[in-house]
Amino acid sequence: MRKIFYTLFVLTLTTLSVSAQEASKVSGAIKDGAGKALSSVTVSLLKAKDSALAKVAVSDKEGYYEFTKMPQGRYMISYSSVGYDVKTSDVFELNGSEIKMPAIVLTEAAKSLSGVTVQSRRQLIETRIDRMVVNVDASPTNAGNSALEVLEKSPGVTVDRDGNISLKGKQGVIVLMDGKPSYLSGADLANLLRNMPSSQLDQIEIMTQPSAKYDASGNSGIINFKMKKNTQMGMNGSVNVSYVQGRYPKSPNSFNYNYRNGNINFFSNINYSYWSGFSDLELIRKFKDASGMDTAIFSQESNQRFSGNNIGARFGLDYTVNTKTSVGIMLNGTYNPRTHRVHTLTTVTNENGVIDFFNEARNTSKDPWKNMGVNLNFRHKLNKPGSEITADLDHVRYSSRSNITSSNFSFDAAMNPKGTPYLLTGLLPQDISIYSGKVDYVLPLAKEAKFEAGLKSSLVSTDNNAPYQFFNAATNQWEVDPLTDHFKYEENINAAYVNVSRQFKKWGVQTGLRFEHTHSEGNQVLKNQLYPRDYKQLFPTAYLSYAADDNNKLALSYGRRIERPNYQDMNPFVRFLDQYTFQQGNPYLTPQFTNH
């Protein structure tokens, strides 16, 4: 019976996910006093009750901006740009519909000079030829938040309930930490960012069209988290303690200690955070016969609760050999025991709306997730000012031992037990090991030009085991479930790139070419089935920008990208919500290429 339902589900499932609050959209346009569209204006959506930042956007070359998928509530908008007075809208309410704001006219700031005050403060948003930069400390509302919450406020970025990150509405974002791939996706990546205090972050770089210097992976672009680095001499440190109470509490805390003297720079960070949250899901599935008439309707409500404690540490040591050469080492690790509980109630009715039966499922997953990493780095300045060679060697390991239990009980319309309960359990180990090395070369040329080149090689190995067991009521014993699987995957990518840029007065030009050779192999161990892949590709990039004045810049870009299926999407394991609802990876997935 269970296999029949699985087959019907795969063939006829239509899923409707309903969020707790309806999403809204806000849009508008910005002009100057002469009626000309203003680009690169920082547009901040603020919560009316406390002026806390909810989301930030930047106006495009037409002066247009928009905020999408915003929850209901009362808001106001602040508009700011260098050389113009800040303007704030009246308070308005979002209630699930689209709101088009009246056209905003910014006036130039007064230029009278009565004194001179020198301040060092970065803008919240900086726009560059190939990226947008969010300066985390420029917004006081980021204090006490996690890296994930700061990211959710950033321009063009959305994060769904499952932790999937989208950039300008497109998934497939590659997330870097100090320029190094995280090799995580979905819930694992969201968990890492959720437990990273914003006090550790210096900048978030958002690249919808990354240059050839970066990996070609990610159809929608790259997001790079740049950590803070201490440059002060002597000994210093800081303690950050915070507590946030919503429906459930969270508390990200961190301790920083740094020592810099002579040729030695030691830096460290230790953080602890607690978080808990929830997610509610509604599914409606309609099964149809050959004529298209409904034969059964599954109405499902799922309540998910999750919590975790996170302990993380980062230690680094830089040593300056001489005025031109420095070497360094950095160690980091995370330990995060987390718990995920799901209660699901499914009502099954026939074509006339009469209840056939109920199914109640309770799932619990306890996962002590941890990772450790080491980085060795080298930097040597060449004779020509601005020219240098840098090198990095990295090794990172992620591991988890997820202990899951799932119980499914069916009842008839009168709530009497029906059929045999379906009980499932499993201890599911997962191990990911990453080795990577890269060398980069930078050479400034005449007339504001720069040449860059580099090599990179990476090797990723994953080992996922799913020894499921189900309870056989007939024998009164736990037995190996047919869904048991064991999947290994290895991926080796070798790359080389060149990149050239130059500034011609108001014009900026940058072009590059990246070559990547990918060899990968999936291994479904129990079936002795291999899934080899081997391909070589070129990825060109080009940028053109024009600075019309100090406040307006036009840009045009082109790039070719690749989206490789992530490891979880290829993993053929079955992951349960209940005995009728599950998701499963596909090892036959192939890369997707885009030009944009």
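All residue numbers refer to positions in the sequence shown, counting from 1.
Here the shortest heavy-atom pairing between Ser520 and Tyr489 reads CB-OH, 3.3 Å. When all heavy atoms of Ser268 and Asn258 are compared, the pair lying nearest together is N-OD1, 3.9 Å. The two residues Tyr535 and Pro591 come nearest to each other via the heavy atoms OH-CG, 3.2 Å. When every heavy atom of Val134 is checked against every heavy atom of Pro155, the shortest pair comes out as CG2-CD, 4.0 Å. Between Ser80 and Val86, the closest heavy-atom pair is CB-CG2, 3.9 Å. Residues Ala54 and Tyr75 share a closest heavy-atom pair of CB-CE2, 3.9 Å.
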Evaluate side-chain hydrogen bond (donor to acceptor under 3.5 Å, both in side chains) for Asn375 paired with Asp394, printing each intermediate quantity in order.
CA-CA 5 Å; Asn375 165 259; Asp394 290 273; 2.9 Å; yes
Set out, in order, the CA-CA distance, both residues' side-chain angles and the distance that settles side-chain hydrogen bond (donor to acceptor under 3.5 Å, both in side chains) for Lys450 and Asn499, then state yes or no.
CA-CA 8 Å; Lys450 183 170 66 174; Asn499 202 61; over 6 Å; no
Step by step, would you call Asn371 with Asn332 a side chain to side chain contact (heavy atoms under 4.5 Å, CB included)?
CA-CA 8 Å; Asn371 85 288; Asn332 63 77; 3.9 Å; yes
Asp318 vs Asn377, test: side chain to side chain contact (heavy atoms under 4.5 Å, CB included). Steps then yes/no.
CA-CA 9 Å; Asp318 294 328; Asn377 55 79; 4.3 Å; yes
Assess whether side chain to side chain contact (heavy atoms under 4.5 Å, CB included) is satisfied between Asp137 and Asn135, documenting all intermediate values.
CA-CA 6 Å; Asp137 286 344; Asn135 293 303; over 6 Å; no
Residue pair Asn383, Lys324: steps toward the side chain to side chain contact (heavy atoms under 4.5 Å, CB included) verdict:
CA-CA 9 Å; Asn383 292 331; Lys324 292 186 176 182; 2.6 Å; yes
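A side-chain N or O of Asn494 and one of Asn492 form a donor-acceptor pair less than 3.5 Å apart.
The distance from the CG atom of Asp202 to the CE atom of Met227 is 10.5 Å, given to the nearest 0.5 Å. For the atom pair Ser81 OG and Glu108 CD, the distance stands at 10.5 Å (nearest 0.5 Å). Going from atom OH of Tyr398 over to atom OG of Ser433 covers 11.0 Å, rounded to the nearest 0.5 Å. The structure places OG of Ser326 at 10.5 Å from CG of Asn263, a figure rounded to the nearest 0.5 Å. Taking CG from Leu45 and OG from Ser78, the interatomic distance works out to 10.5 Å, rounded to the nearest 0.5 Å. Note that the CD atom of Gln503 and the CD atom of Glu448 stand 6.0 Å from one another [nearest 0.5 Å].
Of the possible polar contacts, none joining the Arg131 side chain to the Ile206 backbone as a donor-acceptor pair under 3.5 Å is found. Side chain of Ser59 to main chain of Val41: a donor-acceptor pair is present (N/O by atom type, distance under 3.5 Å, no hydrogens or angles). Distance alone, capped at 3.5 Å, places no donor-acceptor pair between the Tyr84 side chain and the Asp32 backbone. In this structure a side-chain-to-backbone donor-acceptor pair under 3.5 Å is missing from Thr320 to Thr325.
Aromatic ring orientation, His395 versus Tyr435: parallel (interplanar angle below 30°, classes split at 30° and 60°). The aromatic rings of Phe266 and Phe315 lie parallel to each other, their planes meeting at an angle below 30°, with 60° marking the opposite boundary.
When side chains are defined from C-beta on, Phe225 counts as touching Leu193, because their heavy atoms get closer than 4.5 Å. In this structure the side chain of Glu563 never reaches within 4.5 angstrom of the side chain of Thr594, judged on heavy atoms. Tyr497 is not listed as a side-chain neighbour of Tyr214, based on a closest heavy-atom distance of 4.5 Å or more. Two residues are said to be in side-chain contact when any heavy atoms from C-beta on lie closer than 4.5 Å; Met132 and Ser154 fail this criterion. Put simply, the side chain of Arg533 reaches to within 4.5 Å of the side chain of Thr590, judged on heavy atoms. Counting heavy atoms from C-beta on, the side chains of Val26 and Met70 never come closer than 4.5 Å. Side-chain contact check for Ile30 versus Val43: some heavy-atom pair is nearer than 4.5 Å. Arg564 is listed as a side-chain neighbour of Ile493, based on a closest heavy-atom distance under 4.5 Å.
Asn256 pairs with exactly one of Asn271, Asn269, Asn236 by the side-chain contact (heavy atoms from CB on, under 4.5 Å) rule, that one being Asn269. Screening Val173, Ile174, Ile222 against Leu167 for a side-chain contact (heavy atoms from CB on, under 4.5 Å) leaves a single residue, Val173. Screening His517, Glu516, Arg560, Arg514 against Gln537 for a side chain to side chain donor-acceptor pair (under 3.5 Å) leaves a single residue, Arg560.
Here Tyr79 and Tyr65 bring their ring centres to under 6.0 angstrom of each other.
Counting non-hydrogen atoms of other residues, nucleotides and ligands closer than 6.0 Å to NZ of Lys384 gives a total above 12. Residue Asn322 places its CG atom among more than 12 non-hydrogen atoms of other residues, nucleotides or ligands, all under 6.0 Å distant.
For Asp440 and Lys456, the salt-bridge test fails: no basic side-chain N is under 4.0 Å from an acidic carboxylate O.
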